[in-house]
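Each chain gets a letter, A, B and so on, in the order the sequences are listed, and its residues count up from 1. Values in this document were obtained by computation on a predicted structure and should not be read as measured data.
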Amino acid sequence: MKSLESFIFLDETKDKETLEGFERKDETDTFSKKGKTQNAVYYLISAEYDGQRRAARLKLYDPISDKIEVWYDNTDHHPYCLAPWPLSDSDRKNVEKHSGFKNFEKVTKYDPLFDREVDLTKIVAKDPRSIGGSSSENENIRGKVPKSWEARIKYYNCYIYDRQIQMGMPYKLLNDHLIPVKYQSLEEDRQRLKALVKKEDPEYKEYIFKWFQLLESPIPGFRRVALDIEVYSPVSNRVPDPNEAEEKVIAASLVNSDGQKKVLILKREELDEEQGPAPAGLDVVFYDQEEKMIREIFKILSEFPIVVTYNGDEFDLRYLYNRAKNLKIPQDQIPIHITHRYSSLNYGIHIDLYRFFFNRSIWIYAFSKKYTNNTLDNVAQSLIGKGKIELTAPISELDYSELIKYTIRDAEITFQLTSFDDELVMKLILALSRISKLPLEDVTRQGVSRWIQNLMFAEHRRLNWLIPRSEDLSELKGTSSTESVIDGKKYRGAIVVDPKPGTHFNISVLDFASLYPSIIKQWNLSYETVRCPHDECKKQTIPGTSHWVCKRNKGISSLLIGSLRDLRVKWYKPRSKNTNLSSSKRSWYNVIQQSLKVILNASYGVFGSSVFSLYCLPVAESTAAVGRYAITKTIDKANSLGIEVLYGDTDSIFIKSSTKQQINELSKWSANSLGMELEVDKVYRYVMFSLRKKNYLGVYSDGRVDVKGLTGKKRHTPPFLKKTFQEVVDTLGEVMSQDEVESAKRKIKNIVYSSYIKLKKREYLLEELAFKIMMNKPIEHYRKTTPQHVKAAMQLKEAGNEVKSGELISFIKVNNSDGVKPLQLASVEEADLKKYVSYMKATLEQILNVIGIEFDEILGLTKLETFLWNDEQ
DNA sequence: GCGGACTGCTTACCT
DNA sequence: ACAGGTAAGCAGTCCGCG
C-alpha cells in the first residue's frame, strides 16, 4: 500500500503539481533530522477539541515516518450556535453576560423546511462548553435564547463541516497550512464512470465524482500495536474493577505491525523463578516494580500512532490509567485520558475492536453474522480461526510461563483481527471514516445512524443549509398515515407474498438491486421534499400514503444516498470482482463496496428511527410504500407476461421456469415504468416451499444449498439436531431432478431414523443436546414471564455462577419443575427424550412435509420399541 | 383442579 | 438505538366443566 500512484497537490495559489517523494525509498533520504519526512503526505485520522488551546486539534499520520503530526487550527474558527434574528434586547444582554460569549454575527442560511432564506443570529463563543456544556441549561448560552439551532453538535464535528475537512484523506502541511492533496484518478476510470452516469443531472454527477474522489484516493498502511493486560484478582473469576484499579497489573502483552511481540511480567513472591528460555520470537521482560512496568507500557503506547485493544475503552486503558494514578504517577506522565465511556491516548489514536465488532451493522453486513457473540475468543475464532488460550486455572494462579502464553495470545489475536484479509478491518474503518466524515475513533465507537447523521450534517453546512431542529421536523411533517401489520410499529412495511408450497424445479429469483436506496433516489425522497411546502407539489402523491413529494427541488438525502447507491452497484461491486485489476485494488474496492452496503442498508431505516436527528416518519413510510407498490406492480406484470410467481419478499420475486425473453421483458418494463433495475439475482435448480413465509430451501445448479429461516439452521437448535438437519439438506443438494426425489426420500428417512435411535439410546453428548439461547437482559428484568433459558440462568446463579446480560445460555430439557437444567449442571441421563423427540419432529417436518414424509411414519419403523419406550415414561 | 384456546413475551430470523 | 414482517415455543390467563 505504500507505493502509490500520483497525487495532485491542491494548493489554491499554485497550479496543480504532482507530488514527489511519497514512496518510501531510502529512509535516510526521506527523513529529515527531526524525524519528519520531507514533503510529507499525512493522512488525517482524528479531530478533537483542545481545551487549553481552545482550538481544534487534528492528528495527522505520516505513513513514511509512522509518526503523528499534530496540527492546531490557525484559521480562527470558534464554536457557535444559531438563534433567531433579531434577538430581543434582553436576550442579547443575557447572552453577552455569559463569560464564554465572544460576539454576535448576522448570517443568512437556506431553511430547507420552508424552502426560503432565513436571517439568523450566530452566537460565537470562546469555548464549546459555554454553548451547551453546563449541567443546567440556564447557564448555557443556548439556554438564554428562545430557540437555538446547531447547538448540540460536537465542536470538532462542527469544525470539520465548516472547513470541509476530509477525514481519512491525505493532506500536506505548508507553512502551517493544512492543504488537501488530491489524488489524480486514472483518466480512463473517470471516463468509464462518466459514461455510466451520463443520463443523470449535472447536480447528481457532482455527487458521484465527489464520492469517487474520496474513495479512489490511496490508502496508507497503519503502524500499530495491540495491547492486552492481565490483572491480579484475589477472588478467582471476578474481573477487577477498572475504576478502582486496586489490584496489581501482573502482565501486559504487545504485538505490533513490525512483527514484534513483547510480554511484560511483574515478578511476584508467590511464584517460582522462571525456568528455561522464553518462547521463540517473544521478548519477555520481568519487572520487580509494577510502576516501572507500567511506565514501560506507557512508553510503548506513546510510540505508536495507533493502539488496538479489545475492550480497552472499558478495561485495559482505563485500568492502566487509574492504576497509574493509584501508584502516584503524575498526571502528565500518563499518556491516557479517560471519559465516562471512552479511553483515549494523548499521542496516537485508540481503536477498541470490541466496540467495532459489537456494532450491529458491522456484524450483519460486513461480517455476515460470522461470529455469534462479541467475545474476543468467539470473534477471533470465527474470523481468523484462532481463539484465546483456554485457562486451566484462574489467571492469578498461573505460573509465569502459562501466564506468558495466555496473555500474548490475546494480544496476537487482537492484532490479527486488524490484519487478516489484507488489513480488512483497518481499511473498513478508514473507508467508513471517509464516507461518514467522522474521525476513525468515532467510526468504531458510534452506530450507523451517527455516521449517516454526520455525513448529512456536513452536507448541510457545505450548502449553507440550516440544520433543522428535530422538534420542528416532527411538528411540521407529522406522523405516519399507514397502519403496521405488527402491533406497536409506526407504519406499514414490506410485503411478503404467500409461497406456493411444494418442490419447484428451475427457479429464478429476480430482485431490485438495493431497493430502498433506489426508491429514495428515484422518488426524490428526503425530509425536506416529502410534504414540501409548495402547493403545486401536492399532486405528486406517493402511492399508498397521504404524502406527496417535491417537484421543484432535489432532496438532499435523495442525492447523497442515490449517488452512493449507484457507485456501489455500478462501480465498486463489479470492480471488486474484476480480475483484470490488481488484487490490492480489488481488495480495496471490496472494502468500499462493503462499507457502502453497511451505510445503504441503514439509510432508509434511520428516517423511521427516533434516535436519528433527521427522523422523519413520512420519509420512511413513503419508502416502504413505494417498495410495496413496486413489488405488487411487478407481480402483476409478471402474471400478465405468463410468468408464474411462487414467492416474494420485499424486493424479490421467485419465478418458475421462464424464458430469457420473458425475464428480459419484465426487466425492461421495470426500468421503464418503475425506473428501477430488476435483475436475476440467483438461479436455483429447485426450491422447496412450505406454507411458511421467510422459510425455504433453494438448491443451486452446483449443489450448494440456501437454507432460509428453517429452525434447523437457527442458533438455538441443539447441535445434534442441526447436524441431522444438515445431513438431510446435503442429501437434498444432490437431487438433480424430480425423478431423484424418491431415492433421496429413502436416504433421508434413514438419516432421520438413525439420528432418532441415537437420541433414544442417549448416545449423543450432553453438549450436542444443548439449546443455546441469548439472554438479552439481566435476570431481574424478566418480570412478565420467565422463559426457559432464564430459568436455566437462575439455576446457574443459584449454584454460584454469575450470569450476565448478553450471555448465551446453554441448557438441556429435563423432567423437573423448571423443565430445564443448565448444561453445566446436567447429565445426559436426565435429558427428557420425549421433549427432544417432539422438538426433532417439529424441526425436521419443516422439510419432510414438503416432500411427503411423515416423521411419525419413520419412527413407525420401530413401532414396538416406541410403544415400550413411551410406556416407560 | 385440569386442559384447551387464547394472548403475550421472547428470541431468532428474512428483506 | 436503522426499519418492519414472520415463525416458533413457552408462560400465563381465561373459561368451561356437575
| Rounded distance in Å - CG (A:D818) to P (C:dC10) | 14 Å

| message | At 4.0 Å (heavy atoms only), tell me whether A:S603 reaches a base, stays on the sugar-phosphate, or touches nothing. | response | nothing

| task | Measure the acute angle between the ring planes of A:F607 and A:F612, then classify it against the limits of 30° and 60° as parallel, tilted or perpendicular. | result | perpendicular

| Just by distance, do the side chain of A:Y647 and the backbone of A:K694 share a donor-acceptor pair under 3.5 Å? | yes

| field | Rounded interatomic separation in angstrom, taking CG from A:L600 and P from C:dC2 | value | 16 Å

| So what does A:G605 hit on the nucleic acid, given a heavy-atom distance under 4.0 Å: a base, only sugar-phosphate, or nothing? | base

| Within the structure shown, what part of the strands sits under 4.0 Å from A:A842 by heavy-atom distance: base, sugar-phosphate, or nothing? | sugar-phosphate

| said: Students often get this wrong, so: under 4.0 angstrom with heavy atoms, is A:A620 touching a base, only sugar-phosphate, or nothing? | reply: nothing

Atom pairs under 3.5 Å: protein N/O with N/O of nucleotides 12-14 of chain B:
from: B:dA12; atom 1: OP1; to: A:R715; atom 2: NE; distance (Å): 3.4
from: B:dA12; atom 1: OP1; to: A:R715; atom 2: NH2; distance (Å): 2.9
from: B:dA12; atom 1: OP1; to: A:M774; atom 2: N; distance (Å): 3.0
from: B:dA12; atom 1: OP2; to: A:R715; atom 2: NH2; distance (Å): 3.1
from: B:dC13; atom 1: OP1; to: A:R715; atom 2: N; distance (Å): 2.8
from: B:dC14; atom 1: OP1; to: A:G709; atom 2: N; distance (Å): 3.0
from: B:dC14; atom 1: OP1; to: A:K713; atom 2: NZ; distance (Å): 3.4
from: B:dC14; atom 1: O2; to: A:K694; atom 2: NZ; distance (Å): 2.8

| field | Any A:S449 side-chain N or O less than 4.0 Å from OP1/OP2 of C:dC2 | value | yes

| According to a strict under-4.0 Å criterion, is A:K777 in side-chain N/O contact with OP1 or OP2 of B:dT10? | yes

| task | Verify, without hydrogens or angle tests, whether A:N378 (side chain) and A:Y371 (backbone) share a donor-acceptor contact under 3.5 angstrom. | result | no

| C:dT6 P sits how many Å from A:F689 CZ, rounded? | 15 Å

| In whole angstrom, what separates A:L617's CG from C:dC2's C1'? | 13 Å

| query | In whole Å, what is the span from the NZ atom of A:K791 to the P atom of C:dA11? | reply | 4 Å

| query | Which part of the nucleic acid does A:Q846 contact within heavy-atom distance under 4.0 Å: base, sugar-phosphate only, or nothing? | reply | sugar-phosphate

| Rounded to the nearest Å, what distance is computed from the NZ atom of residue A:K489 to the C1' atom of nucleotide C:dA1? | 13 Å

| said: Nearest to the side chain of A:K813, heavy atoms from C-beta on, is which of C:dC10, C:dA8, C:dG5? | reply: C:dC10

Please tabulate, one pair per line, all N/O donor-acceptor pairs under 3.5 Å involving side-chain atoms of residues 429-437 of chain A, not counting sequence neighbours.
from: A:S433; atom 1: OG; to: A:L438; atom 2: O; distance (Å): 2.7
from: A:R434; atom 1: NE; to: A:G168; atom 2: O; distance (Å): 2.9
from: A:R434; atom 1: NH1; to: A:L214; atom 2: O; distance (Å): 3.0
from: A:R434; atom 1: NH1; to: A:S217; atom 2: O; distance (Å): 3.0
from: A:R434; atom 1: NH2; to: A:G168; atom 2: O; distance (Å): 3.1
from: A:R434; atom 1: NH2; to: A:P218; atom 2: O; distance (Å): 2.8
from: A:S436; atom 1: OG; to: A:L432; atom 2: O; distance (Å): 2.7
from: A:S436; atom 1: OG; to: A:L438; atom 2: N; distance (Å): 3.3

| said: Please pick, from C:dT6, C:dA3, B:dT10, the nucleotide with the shortest atom-to-atom distance to any side-chain atom of A:Y782. | reply: B:dT10

| task | Take atom CG of A:D651 and atom C1' of C:dG4, then tell me their distance rounded to the nearest Å. | result | 13 Å

| Phosphate contact (B:dT10 OP1 or OP2) by A:H789 side-chain N/O below 4.0 Å | no

| message | I want to verify a distance call: between C:dA8, C:dG12, C:dC2, whose nearest atom is closest to the A:S609 side chain? | response | C:dC2

| 5'-most by nearest nucleotide on DNA chain C - A:S361 or A:T785 | A:S361

| field | Distance-only donor-acceptor check, side chains A:Q453 and A:S613, under 3.5 Å | value | yes

| task | May I ask you to say whether A:K489 pairs ionically with A:E483, meaning some side-chain N is under 4.0 Å from a carboxylate O? | result | no

| Sugar-phosphate only, base, or nothing, as touched by A:F607 at under 4.0 Å among non-hydrogen atoms | nothing

| message | Salt bridge check, A:E314 against A:R445: does any charged N sit closer than 4.0 Å to a carboxylate O? | response | no

| message | Can you measure A:Q788 atom CD to C:dG9 atom P for me and round it to whole angstrom units? | response | 11 Å

| query | Relative to the 5' end of DNA chain C, which residue comes earlier, A:V611 or A:E483, by the nucleotide with the nearest heavy atom? | reply | A:V611

| query | Would you call A:E475 and A:R469 a salt bridge, taking side-chain N to carboxylate O under 4.0 Å as the test? | reply | no

